[in-house]
Amino acid sequence: MSDLVSNYKILKEQNLIVEYHSGILDADSFIAFKRSIALDPLFLPSLNYFVHLKNVTFSTNLEDIDQYVNFLETNNNVYGSRRVALITNTPNQVVSTTMFKMMQQNKSQSVEIFSTSESAIEWLNSKLDKNEILAILDELMLA
């Protein structure tokens, strides 16, 4: 059983999913979370992702990251063309997300790693309201 706590909000008008994670992240719990998002009636495969990982400790190795990459590739019709901003803070987070970025083969998915939420929001779309996204992130942290 994982100690991962994950919350999200879909902002359909902004073409964005805001995710907040805390605790211990392992491949199985993260895949289960991604499957649950895909069942949301507001979900669309083309939604971009803002993924806040600063309060996560990755409990992963290369095989786990490969398992997640294979999950995404196998379900490309669900997790298709999109931009994914991963917000990190620690060396543990940076190493795991960098390995994921290097291993993923989905060329229609663009993945970047950021140390600040503001730079991630800017990369996703400069027209997004930064204060709105940060307020939603705060709500998800408290949920």
Side-chain angles (χ1 to χ4, degrees), residues 1-90 92-125 128-143:
M1 184 74 181
S2 171
D3 291 326
L4 181 68
V5 176
S6 300
N7 297 305
Y8 73 96
K9 184 167 186 177
I10 295 177
L11 306 172
K12 203 166 185 177
E13 295 77 31
Q14 290 90 350
N15 194 46
L16 186 67
I17 298 175
V18 179
E19 293 183 14
Y20 171 77
H21 304 277
S22 64
I24 308 297
L25 186 148
D26 61 64
D28 292 334
S29 61
F30 202 62
I31 289 170
F33 173 74
K34 292 297 186 179
R35 284 187 172 131
S36 71
I37 290 177
L39 298 175
D40 189 304
L42 295 177
F43 177 82
L44 296 170
S46 60
L47 292 169
N48 294 321
Y49 282 75
F50 173 95
V51 184
H52 189 280
L53 298 166
K54 285 188 172 191
N55 296 321
V56 164
T57 300
F58 283 85
S59 177
T60 56
N61 55 35
L62 283 177
E63 291 81 23
D64 296 325
I65 296 169
D66 189 50
Q67 176 186 353
Y68 181 64
V69 168
N70 287 333
F71 163 75
L72 292 177
E73 289 176 6
T74 302
N75 297 285
N76 190 40
N77 60 325
V78 177
Y79 307 102
S81 179
R82 62 194 178 156
R83 297 182 96 175
V84 179
L86 304 172
I87 301 88
T88 62
N89 192 38
T90 68
N92 169 268
Q93 297 160 355
V94 172
V95 169
S96 293
T97 55
T98 301
M99 293 306 300
F100 164 69
K101 180 180 176 180
M102 291 171 57
M103 293 171 73
Q104 63 103 17
Q105 299 297 313
N106 185 348
K107 302 302 181 202
S108 64
Q109 175 174 280
S110 180
V111 177
E112 290 297 333
I113 302 162
F114 300 91
S115 60
T116 68
S117 296
E118 293 79 9
S119 59
I121 293 167
E122 184 69 28
W123 177 77
L124 285 166
N125 182 340
L128 290 173
D129 184 325
K130 291 177 188 175
N131 292 328
E132 178 185 1
I133 304 302
L134 295 175
I136 290 167
L137 181 60
D138 286 342
E139 290 173 20
L140 295 173
M141 287 179 179
L142 297 174

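Just so it is clear, the structure is predicted and the values come from calculations on it, not from any experiment.
Between L47 and I10, the closest side-chain pair of non-hydrogen atoms falls below 4.5 Å. Side-chain contact between L4 and I24 is absent, with no heavy atoms from C-beta onward closer than 4.5 Å. The shortest distance between side-chain heavy atoms of K9 and I17 does not fall below 4.5 Å. Inter-residue side-chain proximity for I136 and L11 is flagged as met; some heavy-atom pair is nearer than 4.5 Å. K54 is not listed as a side-chain neighbour of M141, based on a closest heavy-atom distance of 4.5 Å or more. Proximity of H21 to V5: side-chain heavy atoms (C-beta onward) are nowhere separated by under 4.5 Å. In this structure, the side chains of L134 and I121 come closer than 4.5 Å at one or more pairs of heavy atoms. Looking at heavy atoms from C-beta onward, Q93 lies out of side-chain contact with L86 at the 4.5 angstrom threshold.
Minimum interatomic distance between F50 and L137 (heavy atoms only, all atoms of both residues): CE2-CD2, 4.0 Å. Across all their heavy atoms, N15 and S46 have their closest contact at ND2-O, 3.4 Å. Summarising the geometry of S119 relative to T116, their closest heavy-atom pair is OG-OG1, 2.7 Å, with the distance given to 0.1 Å. Heavy atoms only, all atoms of each residue included: M99 and L62 are closest at CE-CD2, 3.2 Å. For the pair S36 and Y8, the tightest heavy-atom approach, listed with the atom from each and the gap, is O-OH, 4.3 Å. Taking every heavy atom of both residues into account, K130 and E122 meet most closely at NZ-OE1, 3.2 Å.
From D64, atom CG reaches atom CD1 of I31 across 9.0 Å, with rounding to the nearest 0.5 Å. From L72, atom CG reaches atom CE of M103 across 11.5 Å, with rounding to the nearest 0.5 Å. From S117, atom OG reaches atom CD1 of I133 across 10.0 Å, with rounding to the nearest 0.5 Å. One distance of note links CG of N55 with CD1 of I87; it measures 11.5 Å at 0.5 Å rounding. Note that CG of N89 and OG of S115 are 8.0 Å apart. Values are rounded to the nearest 0.5 Å.
Of the possible donor and acceptor atoms, none in the side chain of D40 sits under 3.5 Å from a partner among the backbone N and O of I37. Using a distance-only test at 3.5 Å, with no hydrogens or angles considered, a donor-acceptor pair links the side chain of T98 to the main chain of V94. A donor-acceptor pair is defined here as one N or O able to donate and one able to accept, closer than 3.5 Å; such a pair exists between the side chain of N7 and the backbone of L140.
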Run the numbers on T97 and L53 for side chain to side chain contact (heavy atoms under 4.5 Å, CB included), then give the verdict. CA-CA 9 Å; T97 55; L53 298 166; 3.8 Å; yes
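Shown here are the side-chain hydrogen bond (donor to acceptor under 3.5 Å, both in side chains) partners of T88, two or more places apart in sequence or in another chain: there are none.
Under the 30°/60° scheme for interplanar angles, the aromatic rings of H52 and Y20 are found to be tilted.
A salt bridge (charged side-chain N to carboxylate O under 4.0 Å, His left out) with E112 holds for exactly one of K101, R83, R82; it is K101. Partner of L25 under the side chain to side chain contact (heavy atoms under 4.5 Å, CB included) criterion, out of T60, T57, D3: T60 alone. The ring pair (Phe, Tyr, Trp, His ring centres under 6.0 Å) with F30 is formed by just one residue from the set F100, F58, F71, Y68; it is Y68.
Between the side chains of N48 and Q14, not a single donor N or O lies within less than 3.5 Å of an accepting N or O.
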